[in-house]
Amino acid sequence: MSGENTLKEVIERLNKALSSLEDAVEARIERDRAFADSDAELQRMNADRARLAQEIDKSEARAQRLEEVNREVSRRLVTAMETIRAVLDR
């Protein structure tokens, strides 16, 4: 009987070890899946960052052009006002 008990114990320990191994493999697969999801999210965030950086560059260039146009319009308005004053003073 002791041989049968020992065999049962060995099979029980083997089943527990296999169960632990299966649990570890499943946990590893889940971690790998989460890592892949995180990696994909990081790639999306980097693409968004690059796109936003381009949009900021375009916006800054447009703002600079608008400032230049604003200065030109202001200069022309001053010239026009001075011309009108000169005509009215005659």
Using distance only, find each side-chain donor-acceptor pair of residues 76-90 under 3.5 Å and give its atom names and separation, not counting sequence neighbours.
unit_1	atom_1	unit_2	atom_2	d
Arg76	NE	Glu72	OE2	2.9
Thr79	OG1	Arg75	O	3.0
Thr83	OG1	Thr79	O	2.9

Name the atoms and distances for all side-chain donor-acceptor pairs under 3.5 Å in residues 15-36, with sequence neighbours left out.
unit_1	atom_1	unit_2	atom_2	d
Asn15	ND2	Ile11	O	3.4
Ser20	OG	Lys16	O	3.1
Arg28	NE	Asp32	OD1	3.1
Arg28	NE	Asp32	OD2	3.4
Glu30	OE1	Arg33	NH1	3.0

Can you list, pair by pair, the side-chain donor-acceptor contacts under 3.5 Å of residues 57-71, counting residues two or more places apart and other chains?
unit_1	atom_1	unit_2	atom_2	d
Ser59	OG	Glu55	O	3.0

Dump the intermediate steps for side chain to side chain contact (heavy atoms under 4.5 Å, CB included) on Asp39 and Gln43, then the final yes or no. CA-CA 6 Å; Asp39 190 46; Gln43 288 176 2; 3.5 Å; yes

